[in-house]
Peer 1: 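This is the structure I want to talk about, given as structure tokens.
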2 protein chains.
Amino acid sequence: MDTTQRTDQQRSADRRRRELLEAADRVVLRDGPHASMNAIAAEAGITKPILYRHFGDKGGLYAALAKRHTDALLDSLRAALDAPAERRERVEATLDTYLAAIEARPQVYRFLMHPAEGGQSADQGFDVGQHSAPLLRRMGEELAQVIEDRLDLGPGSQLLARVWGHGIVGMMYAAGDWWLGERPCERGELVRSMADLLWGRLAAAGDKVGGPGF
Amino acid sequence: MDTTQRTDQQRSADRRRRELLEAADRVVLRDGPHASMNAIAAEAGITKPILYRHFGDKGGLYAALAKRHTDALLDSLRAALDAPAERRERVEATLDTYLAAIEARPQVYRFLMHPAEGGQSADQGFDVGQHSAPLLRRMGEELAQVIEDRLDLGPGSQLLARVWGHGIVGMMYAAGDWWLGERPCERGELVRSMADLLWGRLAAAGDKVGGPGF
DNA sequence: ACGTGCATGTTACTAGCGGTAACCCGAGTC
DNA sequence: GACTCGGGTTACCGCTAGTAACATGCACGT
């Protein structure tokens, strides 16, 4: 096997792949998560079978596409999480970073959270597991790792960290989604409210007069 | 218009509708969220156009189906939330009820969280809003109402309650989904870990030795 | 008794999707 | 010049959601 030849080919293929991904990106941003393979191929100036040669199937293309955006988002989240500041400030910065991202590019967000179900081949056998968006899982695991690394949680810390990682990410997700739809307040206010929740204000709050508390 | 006649017709139509929904239920439970209209019609012993006459389109059928399950789940959650006990106990009971539900019937859960995207007619115009599952939204609003009714949160209580409602529901969702996929622990342990998070243990935890805390 | 609505049901179709087989062509190689 | 081989296309398959048009049976008014 000719090694340099092989690398040349691979480089060319990789360039093509990136071009195709960029075209796909444009289409998904324009048409939403239901962008068809035909449309993507047309945008890239080619026809379907090439896409299939490069990405296997629609799920493969969408996975590749999602990976880019997910990586980018995770990078900025890591940056916010690693900043030199108090814990509460970091938490707020991370929440704010996430919200700013979904606010700035809602279509990307929508695509990442709803990878269009990926056809029926993927879930034949009905595994149930991993039904939620890969982005959520990855964010959850990442946050869990940080929590476990940095916090002293005593026995059972690993499990606790993972539960919290996924839980906090879910909180961010659901509250963010609701906020994005209704825009009931400024971003900062939402951030503060969520941080308050994480800081135990739910447990500390007093009952309202007139009945047993929640 | 003959009123009794009309009610008779309506009652008959309603009965039929319920039968069809039950058939659809069986198919969705068996085949997952991608159950086709053909399959549902076959299970009901009829053919497609009847389904379309009753439910308009696939989204309508799925919405009707989801509403039943969502109502049922929300009823049991309300029961847990309204039990006469301490706040922490109630929170744990509610979390446990939710987790027990998704554990007992994962296919239903999967269906409720991923209503198969509902075709492209629904999101033409690309609203972005309300992208997450209706079940999440409804649970969030419901919980928000309870929080607002029962807790004394001072100024801005309404916004705070809604953020927390959606946030807690999201936490439950993501952690539950992860747990269902990996089964890393008993249900009770997950419940306790989440309650700990809500009770402020994240803020209270000490830094690990060797660096600035999270 | 007889049409006339009207709900219920069917067959047969369209349009579009994901995915694939088969062919096609130009560039490099012996 | 024949020969392979990567990049590309056309034309198709099977499946889906959704619909139009046709059939059937039961209640009604006259």
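Each chain gets a letter, A, B and so on, in the order the sequences are listed, and its residues count up from 1.
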Peer 1: In terms of relative ring orientation, are A:Y98 and A:Y109 parallel, tilted or perpendicular, with 30° and 60° separating the classes?
Peer 2: perpendicular
Peer 1: Please report the distance, rounded to the nearest Å, between CZ in B:R17 and C1' in C:dA7.
Peer 2: 17 Å
Peer 1: Can you tell me how the ring of A:H69 sits relative to the ring of A:F111, calling it parallel under 30°, perpendicular over 60° and tilted otherwise?
Peer 2: perpendicular
Peer 1: Please report the distance, rounded to the nearest Å, between CZ in B:R16 and C1' in C:dA7.
Peer 2: 11 Å
Peer 1: In this structure, how many angstroms lie between the P atom of C:dA7 and the CG atom of B:D14, rounded?
Peer 2: 14 Å
Peer 1: If I take atom OH in residue A:Y62 and atom C1' in nucleotide C:dG18, what distance separates them, rounded to the nearest angstrom?
Peer 2: 11 Å
Peer 1: Could you state the atom-to-atom distance from OH of B:Y52 to P of D:dA17 in whole Å?
Peer 2: 5 Å
Peer 1: Who pairs with A:R201 by salt bridge (Lys or Arg N to Asp or Glu O under 4.0 Å), at least two apart in sequence or on another chain?
Peer 2: A:D196
Peer 1: Provide, to the nearest angstrom, the distance between the CZ atom belonging to B:F55 and the P atom belonging to D:dG18.
Peer 2: 13 Å
Peer 1: Using 0.5 Å steps for rounding, measure from the CG atom of B:L197 to the NE2 atom of A:H166.
Peer 2: 13.0 Å
Peer 1: Could you tell me the separation between the CG atom of A:L74 and the CG atom of A:L135, rounded to the nearest 0.5 Å?
Peer 2: 6.5 Å
Peer 1: Please report the distance, rounded to the nearest Å, between CG in A:D31 and C1' in C:dC17.
Peer 2: 14 Å
Peer 1: What is the distance from atom CG of B:L29 to atom CZ of B:R110, rounded to the nearest 0.5 Å?
Peer 2: 12.5 Å
Peer 1: Whole-Å distance between D:dG7 P and A:L51 CG?
Peer 2: 14 Å
Peer 1: Kindly write out the residues that satisfy side-chain hydrogen bond (donor to acceptor under 3.5 Å, both in side chains) with A:D149, not counting sequence neighbours, or none if the list is empty.
Peer 2: A:Q145
Peer 1: Cation-pi between A:R183 and A:W179: NZ/CZ under 6.0 Å from ring centre and within 45° of the ring axis?
Peer 2: yes
Peer 1: Test side-chain contact (heavy atoms from CB on, under 4.5 Å) on A:L136 and B:Y173 and set out the steps.
Peer 2: CA-CA 11 Å; A:L136 276 186; B:Y173 159 69; 3.9 Å; yes
Peer 1: Quick test: give all pairs of protein nitrogen or oxygen and nucleotides 24-26 of chain D nitrogen or oxygen below 3.5 Å, distance rounded to 0.1 Å.
Peer 2:
none

Peer 1: With sequence neighbours excluded, tell me which residues meet side-chain hydrogen bond (donor to acceptor under 3.5 Å, both in side chains) with B:E19.
Peer 2: B:R16
Peer 1: For B:E141 and A:W178: C-alpha separation, side-chain torsions, deciding distance, then whether side-chain contact (heavy atoms from CB on, under 4.5 Å) applies.
Peer 2: CA-CA 10 Å; B:E141 285 297 325; A:W178 161 75; 3.6 Å; yes
Peer 1: Angle between the end axes of the helix from C:dA1-D:dT30 to C:dC30-D:dG1, five pairs per end, to the nearest 10 degrees?
Peer 2: 30°
Peer 1: What pairs of nitrogen or oxygen atoms, one from the protein and one from nucleotides 10-16 of chain C, lie under 3.5 Å apart?
Peer 2:
unit_1: C:dT10; atom_1: OP2; unit_2: B:T47; atom_2: N; d: 2.9
unit_1: C:dT10; atom_1: OP2; unit_2: B:T47; atom_2: OG1; d: 2.5

